[in-house]
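In the text below, chain A, chain B and the rest are named by the order of the sequence lines, each starting its count at 1.
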Protein chains: 2
Amino acid sequence: MVNVFEEYLRPQVQLTAEEWTRLQALSSAQHLRKRQFLLHAGQVWQSYAFVCRGCLRQYTIDAKGVEHMLKFSIENWWAGDRESLVTGQPSRQYIDALEDTDVLLFPKVDFDQFAREVPAFHAFIDGLLGRTYLASQRRVQTAISADAETKYREFVQTYPQLALRVPLRMIASYLGLSAETLSRIRGLNTK
Amino acid sequence: MVNVFEEYLRPQVQLTAEEWTRLQALSSAQHLRKRQFLLHAGQVWQSYAFVCRGCLRQYTIDAKGVEHMLKFSIENWWAGDRESLVTGQPSRQYIDALEDTDVLLFPKVDFDQFAREVPAFHAFIDGLLGRTYLASQRRVQTAISADAETKYREFVQTYPQLALRVPLRMIASYLGLSAETLSRIRGLNTK
DNA sequence: AAAACACCTTGACATAAGTCAAGCTTATTA
DNA sequence: TAATAAGCTTGACTTATGTCAAGGTGTTTT
């Protein structure tokens with residue numbers, strides 16, 4: 001399981017053998033069965049989570065009981081509620097597994113400490129955060145300007161791996177559409 | 001003009017007199033008349049821009065010629081197209097002034113260099129980016145889950161300064177609504 | 001001080017997308 | 001392997017929001 005992380009990280013950051021060992025020692029593996037929760041609203045999120053295998057969904061539930069998908073995380077992605085992580089406040093989000101999933105958890109304190117002491121790693125995390133932010137901005141732009149069909153097309157183009165793997169009604173929710181609307185749109189595209 | 005920046009930064013980062021002088025020396029002031037452009041689609045954006053006075057809008061124009069507001073920046077806010085800054089690719093965005101505006105420009109190369117050499121400043125920029133990213137995530141969440149009225153209410157609550165200062169049709173665009181819809185919503189709230 | 005413009009509002013109508021409900025497959029679970 | 005649940009699709013209907021058009025203020029501009 002650490003192997004997956006190693007293969008992910010090695011091409012991106014130059015770490016000494018010692019640093020690598022130390023980083024690895026910070027992590028703890030966790031296995032999630034399908035439908036099992038990694039985070040529940042009300043809990044404080046205090047880690048960085050790296051997905052080695054499987055698929056997670058991150059979502060909120062509104063006053064009417066409707067779920068709103070915020071993010072999906074498959075192999076080589078990071079997951080977690082950054083807001084809770086940064087503020088220390090209880091999360092309003094849920095994270096659970098759409099498939100049996102293996103996760104590496106890095107406690108915030110240790111992880112940040114490590115980043116502070118290893119500039120190359122720090123730079124890598126900064127870059128990651130920057131790219132994630134850009135992706136978020138693009139999502140905003142699509143959300144405010146595109147019609148339903150365009151939203152779906154862009155999603156498939158951006159995340160082809162997810163389009164095949166995640167239930168449609170969750171993709172619909174991610175895009176701010178009803179499941180029925182998304183189903184009809186797909187009907188059109190197929191024909 | 002540098003005073004505004006100093007008052008903004010001093011409470012947030014501890015810089016030595018020398019560092020402060022050096023940072024200041026990197027900046028160049030620019031004055032924009034109302035409606036004047038700071039960035040035009042096709043140009044590469046290569047700076048960090050700090051607004052000392054006035055108000056900027058940042059937007060795209062789609063294939064139909066419709067503008068979509070991405071961001072407004074008033075005093076003590078940063079502006080710029082991060083995507084173009086990071087990738088070095090020509091921007092697809094426009095930035096122009098809604099009022100006469102004073103801006104401090106920090107060339108990317110120098111700014112990044114300074115951040116690398118002054119850890120406290122680096123940490124400050126990281127924190128800023130992190131908060132901006134959180135704001136973007138919240139905007140996504142509202143965009144996919146809220147109705148028109150809620151979007152507007154949250155906007156007013158989050159940015160009361162902007163609600164008074166920016167033309168309604170631009171706020172409507174920022175929220176992904178038509179100007180007419182926003183106007184009707186406001187009619188309801190007032191009564 | 002006109003003239004031209006930018007901005008907001010309102011009405012009438014159009015339409016994209018949502019809701020509710022049923023039926024049909026394909027996975028899970030007992 | 002029967003039973004249950006999850007997921008997708010389709011139809012009929014509703015609704016929120018968009019579009020088009022006109023009129024009214026208030027602001028720039030000449």
Per the side chain to side chain donor-acceptor pair (under 3.5 Å) rule, what does the pair list look like for residues 154-163 of chain A, sequence neighbours excluded?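 Output for this query lists A:Thr142-A:Glu154.
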Is there any side chain to side chain donor-acceptor pair (under 3.5 Å) pair reaching into residues 29-47 of chain B, and which pairs are they, with sequence neighbours excluded?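 Sorted pair list: B:His31-B:Asp102.
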Does anything in residues 154-176 of chain B reach DNA chain C, meaning a heavy atom under 4.0 Å, and if so which residues?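 Within residues 154-176 of chain B, the residues near DNA chain C are B:Pro167, B:Leu168, B:Arg169.
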Short side-chain to backbone donor-acceptor contact, B:Ser145 and B:Gln141, under 3.5 Å: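 Present.
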Side-chain donor/acceptor of B:Gln58 to backbone N/O of B:Gly80, under 3.5 Å: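 Looks like yes, one N/O pair under 3.5 Å.
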Hey, is CZ on B:Arg92 packed in by over 12 heavy atoms from elsewhere, all under 6.0 Å?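 No.
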Please report the distance, rounded to the nearest Å, between [atom1] in [X] and [atom2] in [N].
X        : N      : atom1 : atom2 : value
A:Arg57  : D:dA6  : CZ    : C1'   : 12 Å
B:Glu149 : D:dA16 : CD    : C1'   : 12 Å
A:Ile185 : C:dG18 : CD1   : C1'   : 12 Å
B:Arg186 : C:dC8  : CZ    : C1'   : 8 Å
B:Leu182 : C:dC7  : CG    : C1'   : 13 Å

Please determine whether a side-chain nitrogen of the Lys or Arg among B:Arg165 and B:Glu75 lies less than 4.0 Å from a carboxylate oxygen of the Asp or Glu.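 Result for this pair is yes, salt bridge flagged.
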Run the ring-centre check on [X] versus [Y] and record whether the distance is less than 6.0 Å.
X       : Y        : result
A:Phe72 : A:Tyr174 : yes
B:Tyr59 : B:Tyr94  : yes
A:Phe5  : A:Phe50  : yes

Can you name the residues that form a side chain to side chain donor-acceptor pair (under 3.5 Å) with [X], not counting sequence neighbours?
X        : result
B:Tyr8   : B:Trp78
A:Trp20  : A:Gln24
A:Thr132 : none
A:Ser173 : none

A:Leu182 side, atom CG; A:Glu149 side, atom CD - distance, nearest 0.5 Å: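 Going from CG on A:Leu182 over to CD on A:Glu149, the span is 10.5 Å.
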Through what angle, rounded to 10 degrees, does the axis of the helix from C:dA1-D:dT30 to C:dA30-D:dT1 turn between its ends, using five pairs per end?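 What I find for the helix from C:dA1-D:dT30 to C:dA30-D:dT1 is an axis angle of 60°.
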Could you list all N or O pairs between the protein and nucleotides 13-16 of chain C that sit under 3.5 Å apart?
none

Produce the list of close N/O pairs, under 3.5 Å, pairing protein atoms with atoms of nucleotides 11-15 of chain D; give distances to one decimal.
residue, atom, partner, partner atom, Å
D:dG11, N7, A:Arg184, NH1, 2.9
D:dG11, O6, A:Arg184, NH2, 3.3
D:dA12, N6, A:Arg184, NH2, 3.4

With salt bridge (charged side-chain N to carboxylate O under 4.0 Å, His left out) as the test, would you mind laying out the steps for B:Arg53 and B:Glu99 before giving the verdict? CA-CA 9 Å; B:Arg53 185 180 67 91; B:Glu99 312 167 4; over 6 Å; no
Write down the protein N/O and nucleotide N/O pairs, taken from nucleotides 26-30 of chain C, whose separation is under 3.5 Å; answer none if there are no such pairs.
residue, atom, partner, partner atom, Å
C:dT28, OP1, A:Lys34, NZ, 2.9

Smallest separation among heavy atoms of A:Pro107 and A:Leu26, with atom names: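 Nearest heavy atoms, A:Pro107 then A:Leu26: CD-O, 3.3 Å.
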Mark yes or no: A:Arg116 above the aromatic ring of A:Phe111, with NZ or CZ under 6.0 Å from the six-membered ring centre and no more than 45 degrees from the axis.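 Judged by the rule, A:Arg116 and A:Phe111 form no cation-pi pair.
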Would you jot down, in residue-number order, the residues of residues 61-70 of chain A having a non-hydrogen atom under 4.0 Å from DNA chain D?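 Under 4.0 Å from DNA chain D: no residue of residues 61-70 of chain A.
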